[in-house]
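Below is one structure, written out as structure tokens; the observations come after it.
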Amino acid sequence: MAKKSWEKRLGGKPDERMVDFVESLSVDERLYKYDIVGSIAHSQMLADNGLLTKDEFNQIKTALLEIAEQIEAGKFKFDKTCEDIHMAIEAALIKKTGKAGEKLHTGRSRNDQVATDIRLWLRDQIEILQDKITELQKAFVGQAGKYVKDVMPAYTHLQRAQPISIAAYLLSFVEQFERDFVRLSNCRRLLDVNPLGSGAVAGSTLKLDRDNTAKQLGFAGLSRNSLDAVSDRDFAAEFIFDCALIAAHLSKLAEDLIIYSSNEFGFVQVADSFCTSSSMMPQKKNPDALELIRGKCGAVYGSLVAILTILKAQPSGYNRDLQEDKVHIFTASDTVEASVDMAAAIVGNMKFDTEKISAGLDAGYMDATALAEYLVTKGVAFRLAHGIVGQLVAQCEENNKPLGKLSLGELKSACDVIDKDVYDCLGAVKVAGKYVTQGSAGLKQSKQQVEFWKKELAGR
Ligand code: ARG
């Protein structure tokens with residue numbers, strides 16, 4: 001059983017059940033690098049301000065770096081009776097250095113220490129996630145470049161709606177993940193303040209130089225209120241929310257690809273290397289990786305609900321409830337990181353069956369809206385045009401033919417302003433070439449957008 005700094009205060013040993021229940025080492029072990037970097041910065045600041053001698057600081061720094069090496073090499077023995085990573089490292093330090101190590105915690109509490117560690121960890125982790133998001137976006141843009149001339153149906157209510165370029169479909173995900181990227185940047189900006197010096201809750205009577213540690217740790221600023229600083233986990237909730245939205249976008253992508261790769265659709269082929277088969281049905285090719293991406297979204301949403309609930313109605317100041325933040329930060333982050341990686345690989349290796357998609361394009365009357373807009377250009381009010389085309393569609397459906405197969409006579413008898421130029425806007429492929437509004441999902445626009453994204457992402 002590790003020695004505790006509070007042994008003199010509490011009688012006897014903690015109950016064995018208590019040791020297991022309060023420990024967080026099994027979860028926060030992975031913060032070790034940041035804990036050590038934070039402790040080196042803190043002790044350097046103490047030395048700079050006469051609270052440690054130069055020699056004591058050197059001993060502390062050398063020992064902390066040795067501990068980091070030991071942990072990295074898997075040679076460090078983690079002792080759960082130390083409770084958490086902060087006490088495990090401090091105990092090892094004291095063992096190595098004796099008196100000098102006993103001074104490390106001067107003017108510091110685990111409360112401001114852990115708040116610092118998580119912020120440092122998140123700062124790096126956000127960059128890792130952003131790099132992976134960029135890779136995923138590049139996979140989409142690479143595919144979009146191959147399909148700027150190909151048309152597919154766009155759906156609303158999962159019913160055929162209007163024709164679009166396949167590139168536009170792919171780029172719709174680049175937009176979603178771009179917002180995720182920006183949200184993570186915002187999150188990183190907000191969390192980039194130094195809580196060190198806030199102590200347990202009220203700061204310290206010792207002259208600590210908070211700007212000194214902020215500078216060493218590369219924080220953009222200082223937290224302004226120690227009471228808030230030790231209990232603030234808004235940034236954790238925000239980060240997990242950002243992860244949850246990434247997971248939502250991924251689940252939508254997964255759902256699309258599962259549907260589009262089914263026999264019923266046959267739009268997309270997911271590479272064999274990302275599928276599994278069945279132990280019983282020899283013909284099967286199952287999109288398990290995509291189903292897992294969709295399913296893993298559940299854990300991330302779970303973490304979001306968990307962090308919000310942990311934060312609810314805690315009294316002001318630090319409460320041990322806050323220790324429960326880390327498992328959810330890590331779950332959300334790890335899950336999303338793995339899923340983004342997998343999605344990038346699947347997207348980069350998938351193939352659209354453009355022949356099959358083209359062959360079915362004239363089903364579903366996806367040119368109906370363009371026909372109504374054609375009537376508008378001939379002076380017909382849109383509501384009236386909508387009715388006329390609706391009637392034509394009903395007529396075609398009865399005879400099982402597309403709008404483009406109606407004769408000019410038949411079209412004219414529905415509305416006499418129709419001329420033979422009407423055939424320029426009938427048929428899905430023609431319509432996809434006729435969109436003119438900015439940001440349309442048409443052929444011209446998506447070609448420009450592919451160029452835009454290529455440039456935009458090249459610098460990342
Ligand atoms: N392991 C704790 C956490 O993650 C560290 C802070 C504990 N502070 C305390 N006063 N008990 O939040």
Side-chain angles (χ1 to χ4, degrees), residues 1-10 13-15 17-39 41-42 67 71 76 78-94 104-123 125 191 193-204 213 217 223 226-240 303 306-334:
M1 178 85 64
K3 259 174 126 50
K4 292 272 166 45
S5 55
W6 55 74
E7 261 182 15
K8 300 249 159 55
R9 170 68 182 84
L10 300 180
K13 281 185 181 159
D15 188 287
R17 287 162 292 190
M18 176 69 178
V19 173
D20 282 331
F21 195 70
V22 297
E23 74 88 22
S24 60
L25 194 50
S26 48
V27 175
D28 59 27
E29 194 187 310
R30 63 195 283 183
L31 290 175
Y32 76 89
K33 238 191 275 169
Y34 302 95
D35 199 72
I36 286 173
V37 164
S39 286
H42 179 67
I67 293 168
I71 297 177
F76 188 86
F78 285 102
D79 173 0
K80 70 177 175 194
T81 64
C82 281
E83 282 197 13
D84 54 29
I85 188 66
H86 325 294
M87 300 227 286
I89 290 174
E90 193 189 354
L93 174 73
I94 292 173
L104 170 68
H105 216 49
T106 307
R108 190 175 70 169
S109 154
R110 282 184 294 157
N111 299 354
D112 58 348
Q113 189 178 358
V114 72
T116 306
D117 290 5
I118 312 171
R119 285 172 193 265
L120 292 174
W121 185 86
L122 276 172
R123 251 182 11 191
Q125 186 57 24
L191 66 78
V193 293
N194 182 20
L196 273 183
S198 303
V201 67
S204 173
T213 45
L217 296 171
S223 58
S226 61
L227 178 62
D228 173 51
V230 294
S231 57
D232 171 23
R233 295 292 184 277
D234 295 0
F235 62 90
E238 223 178 298
F239 172 74
I240 298 175
S303 290
I307 188 80
L308 292 172
T309 313
I310 289 164
L311 295 180
K312 179 180 177 292
Q314 275 190 48
S316 284
Y318 177 86
N319 302 281
R320 195 64 177 262
D321 315 38
L322 291 174
Q323 177 166 291
E324 292 297 307
D325 61 352
K326 279 171 284 300
V327 67
H328 301 295
I329 295 172
F330 296 150
T331 301
S333 186
D334 292 347

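As the structure lists them, so they are numbered: ligands from 1, and atoms in each ligand from 1.
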For side chain to side chain contact (heavy atoms under 4.5 Å, CB included), just list the numbers for I329 and W121, CA-CA rounded to whole Å, side-chain angles, deciding distance to a tenth of an Å, and then say yes or no. CA-CA 10 Å; I329 295 172; W121 185 86; 3.7 Å; yes

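Shown are H86, H105, E83; of these, the side-chain hydrogen bond (donor to acceptor under 3.5 Å, both in side chains) with R110 is made only by E83.
Ligand 1 places these atoms under 4.0 Å from at least one heavy atom of V114: 4 (O), 12 (O). Close approach of ligand 1 to D84 is summarised as follows: ligand atoms under 4.0 Å from at least one heavy atom of the residue are 1 (N), 2 (C), 5 (C). Of all atoms in ligand 1, numbered sequentially from 1 with element shown, those under 4.0 Å from a heavy atom of N111 are 6 (C), 7 (C), 8 (N), 9 (C), 10 (N). Of all the atoms in ligand 1, the ones that sit under 4.0 Å from a non-hydrogen atom of R320 are 11 (N). Within ligand 1, counting atoms from 1 as listed, the ones closer than 4.0 Å to a heavy atom of Q323 are 1 (N), 2 (C), 3 (C), 4 (O), 12 (O). Proximity to K326 (heavy-atom distance under 4.0 Å) selects the following atoms of ligand 1: 3 (C), 4 (O), 12 (O). Listed by atom number, the atoms of ligand 1 under 4.0 Å from S24 heavy atoms are 1 (N).
Other residues, nucleotides and ligands contribute more than 12 heavy atoms inside 6.0 Å of the CZ atom of R320.
In terms of protein heavy-atom proximity, atom 7 (C) of ligand 1 is nearest to Y318 OH, 3.4 Å.
Looking only at side-chain heavy atoms (C-beta outward), H42 and Q113 stay at 4.5 Å or farther from each other.
At a 4.0 Å heavy-atom cut-off, ligand 1 does not touch E83 at all.
Heavy atoms of Q113 stay at 4.0 angstrom or farther from ligand 1.
With respect to the salt-bridge test (charged N to carboxylate O, under 4.0 angstrom), the residues K326 and D117 do not qualify. Salt-bridge annotation for D325 and R233: present, with a side-chain N of the basic residue lying under 4.0 Å from a carboxylate O of the acidic one.
Closest approach of D232 and D234 over heavy atoms only: OD1-N, 2.7 Å.
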